[in-house]
There are 2 protein chains.
Amino acid sequence: MTEDTEKPSRKRQARGEKRIAELLDAAERVFAAKGFKGATTNAIAAEAGASPGTLYQFFKNKEAIAEALTARYVERLRAAHGEAFDLSVADLPLNVMLDRILDPLIAFDRANPGFYALLADPHTSPDLVGAKRPAQAVMFDRLDAILERKAHGQPPEQRRRTAEVAVHLFRGLLPLIMAASEEDLPAVITEVKRALGAYLDGALADADR
Amino acid sequence: MTEDTEKPSRKRQARGEKRIAELLDAAERVFAAKGFKGATTNAIAAEAGASPGTLYQFFKNKEAIAEALTARYVERLRAAHGEAFDLSVADLPLNVMLDRILDPLIAFDRANPGFYALLADPHTSPDLVGAKRPAQAVMFDRLDAILERKAHGQPPEQRRRTAEVAVHLFRGLLPLIMAASEEDLPAVITEVKRALGAYLDGALADADR
DNA sequence: CGAAAATACGAGCAATTACTCGTATTTTTA
DNA sequence: TAAAAATACGAGTAATTGCTCGTATTTTCG
């Protein structure tokens, strides 16, 4: 077995891939506007210019749409900012590091409002929770690795908690970031960085104590 | 007109008040478990041991239930912690002030999971948003007043933003607080206070600059 | 007491919605 | 080119759900 968890179906056409992308684009808009429960599969199909039957040709059910969309976000997040989130930033001063990490992350979130809509919803089924885990892990794991490099002496448990709190802290401020007008955004970003910087600064100082 | 925005109906019986309280208790549980959209009015009625007809005798529709529940939370929040959130805490050292404010607030949130469930849901109708505003205002206004007293020289606009960010910061960490086991809670609370303390400390230091 | 009002019930309606299925069209492939 | 497979359609269905309404019981009050 090299790479086949797929059924013995014949082949997916380029047309199909295009439709899937269109359906996910549509789902992104509808989820962002209405949330998961509020979104209608018929509305997603219509938004994509497709029929319900076509939608269900590619997705087993509504949850599968959200799962696929989440997977696409994770993929894009890795592709776009894997480098910016690289471990080498750990050697930079804290405020520079925060610029490097947060600027692209904020840009990504503002450019992909559906990502936030899906991630923020706390009332998701177990399957969806599983699909969301990698999205959380992308941020958490990298930050944890960075902290490990930046504060060697700290016990791993404490470090994990610091990373977890920092990620939640950012996610908690996301509503503010998402709601900010283009005009207010710089000031909001400044505050976000100030909050994260102050927290991490304290956590790292404790590690050296 | 002294106090009557009510219809010329005859009188609400004690039995009715009791039923309303039971229905709100039930709604709290169902909303906390399923979210607003996921909750069913029939399920709320059943949870309260009442029939749908009885539910709709006291509430115009599903939204009205959430509005009344939110109002009850605001009332309880004010009653339970109005004093702890009193302006005099502004004269205390920052970390003591945070203990005084956050400990009862965290206890309230953990004791009223429906409050968090309703507040956190971003996909609410305009009516619900209006009902939620006072809940936000309770925390924001008091913190803003405290900051005014603690940092006189700061321009109001900057102060408002600090208060807004601080409130969002706390709300953002609420998922962590709500999900923590009784065992983990103290450590989580420590981190929350550290984060808020570090942020506010920086903001207040800037004000004195 | 007795009438009116408040409370209570729950079957069921109208609307919504996730999803199916029979059928038609386009693309692949042998 | 012809059969098979993939894609597409959209009316229809079964289930869910917010809410109503006719009716029955309890409480209030003159």
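Quick caveat: nothing in here was measured; it's all calculated off a predicted structure. Reminder, nothing fancy here: chain letters follow the sequence lines and each chain counts from 1. The figures here come from the full heavy-atom set of this structure, side chains too, leaving out hydrogens, waters and symmetry mates.
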S.K.: Between dT7(C), dA11(C), dT20(C), which one does the side chain of Phe58(B) approach most closely?
M.R.: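 Looking only at heavy atoms from C-beta outward on Phe58(B), the closest nucleotide is dT7(C).
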S.K.: Take Arg72(B) and Leu77(B), measure what side chain to side chain contact (heavy atoms under 4.5 Å, CB included) needs, and give me the verdict at the end.
M.R.: CA-CA 8 Å; Arg72(B) 197 176 75 164; Leu77(B) 193 57; over 6 Å; no
S.K.: Can you measure Leu23(B) atom CG to dT7(C) atom P for me and round it to whole angstrom units?
M.R.: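 Answer to the nearest Å: 12 Å.
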S.K.: Cut-off 3.5 Å, side chains only: do Gln136(A) and Arg171(A) have a donor facing an acceptor?
M.R.: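 Yes.
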S.K.: Of Asp99(A), Ile101(A), Val188(A), which is the lone residue that meets side chain to side chain contact (heavy atoms under 4.5 Å, CB included) with Lys193(A)?
M.R.: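 Testing each of Asp99(A), Ile101(A), Val188(A) against Lys193(A), the sole residue satisfying side chain to side chain contact (heavy atoms under 4.5 Å, CB included) is Asp99(A).
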S.K.: With a 4.0 Å cutoff (strictly under), does any side-chain N or O of Ser51(A) reach OP1 or OP2 of dA8(D)?
M.R.: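 Result: no.
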S.K.: Which nucleotide in the list dA18(C), dC9(D), dA6(C) gets nearest to the side chain of Gln13(B)?
M.R.: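 Among dA18(C), dC9(D), dA6(C), the one nearest the side chain of Gln13(B) is dA6(C).
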S.K.: Measure CD1/Ile65(A) against P/dA18(C) and give the value in whole Å, please.
M.R.: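 In whole Å, dA18(C) P lies 9 Å from Ile65(A) CD1.
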S.K.: Looking at the side chain of Thr40(A), which of dT7(D), dA11(D), dA18(C) is the nearest nucleotide?
M.R.: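 Shortest atom-to-atom distance from the side chain points to dA18(C).
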S.K.: On DNA chain C, nearest-nucleotide positions of Thr54(A) versus Lys37(A): which is more 5'?
M.R.: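 So the residue in question is Lys37(A).
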S.K.: Send over the distance from Ile44(B) CD1 to dG18(D) P, rounded to a whole Å.
M.R.: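 Atom CD1 in Ile44(B) sits about 8 Å away from atom P in dG18(D).
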S.K.: Compute the ring centroids of Phe31(B) and Phe36(B), then answer whether they are less than 6.0 Å apart.
M.R.: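 Centroid distance Phe31(B)-Phe36(B): below 6.0 Å, so yes.
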S.K.: Determine the contact category for Ala39(B): base if any of its heavy atoms lies under 4.0 Å from a base atom, sugar-phosphate if only primed atoms, P, OP1 or OP2 are that close, otherwise nothing.
M.R.: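 Sugar-phosphate contact only - Ala39(B) comes under 4.0 Å of backbone atoms but never of a base.
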S.K.: Without decimals, in angstroms, what is the distance between Asn61(B) CG and dC19(D) P?
M.R.: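 Atom CG in Asn61(B) sits about 5 Å away from atom P in dC19(D).
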S.K.: Does CZ in Arg160(A) sit with more than 12 non-hydrogen atoms of other residues, nucleotides or ligands closer than 6.0 Å?
M.R.: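 At most 12 heavy atoms, drawn from other residues, nucleotides or ligands, come within 6.0 Å of this atom.
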S.K.: Starting from C1' on dA18(C), measure out to CZ on Phe36(A) and report it in whole angstrom.
M.R.: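 The distance from CZ of Phe36(A) to C1' of dA18(C) comes to 11 Å, rounded to the nearest Å.
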S.K.: Select from Pro52(A) and Thr41(B) the residue whose nearest nucleotide in DNA chain D is closer to the 5' end of that strand.
M.R.: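 Result: Pro52(A).
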S.K.: What's the closest nucleotide to the Arg19(A) side chain, out of dC9(D), dC19(C), dG10(C)?
M.R.: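 Shortest atom-to-atom distance from the side chain points to dC9(D).
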S.K.: Side chain of Arg15(B) only, please: which of dT26(D), dT7(D), dT17(D) is the nearest?
M.R.: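 Closest of the options to the side chain of Arg15(B): dT26(D).
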S.K.: Identify whether any heavy atom of Gly53(A) sits under 4.0 Å from a base atom; if not, whether one sits that close to sugar-phosphate; answer base, sugar-phosphate or nothing.
M.R.: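 If one applies the 4.0 Å heavy-atom cut-off, Gly53(A) turns out to touch a base.
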S.K.: Nearest nucleotide by nearest heavy atom, which residue falls closer to the 5' end of DNA chain C, Asn42(B) or Glu17(B)?
M.R.: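 Its nearest nucleotide lies further toward 5', so the answer is Glu17(B).
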S.K.: Quick one: Leu55(B) CG to dA8(C) C1', roughly how many Å, whole number?
M.R.: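 Atom-to-atom, Leu55(B) to dA8(C), this comes out as 12 Å.
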S.K.: Could you state the atom-to-atom distance from CD of Gln57(A) to P of dC19(C) in whole Å?
M.R.: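 That distance rounds to 16 Å.
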S.K.: Return no unless some side-chain N or O of Tyr56(A) is found under 4.0 Å from OP1 or OP2 of dC19(C).
M.R.: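 The answer is yes; a side-chain N or O of Tyr56(A) sits under 4.0 Å from OP1 or OP2.
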S.K.: How close or far is atom P of dT26(C) from atom NZ of Lys18(A), stated in whole angstroms?
M.R.: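 So the NZ-P distance, Lys18(A) to dT26(C), works out to 17 Å.
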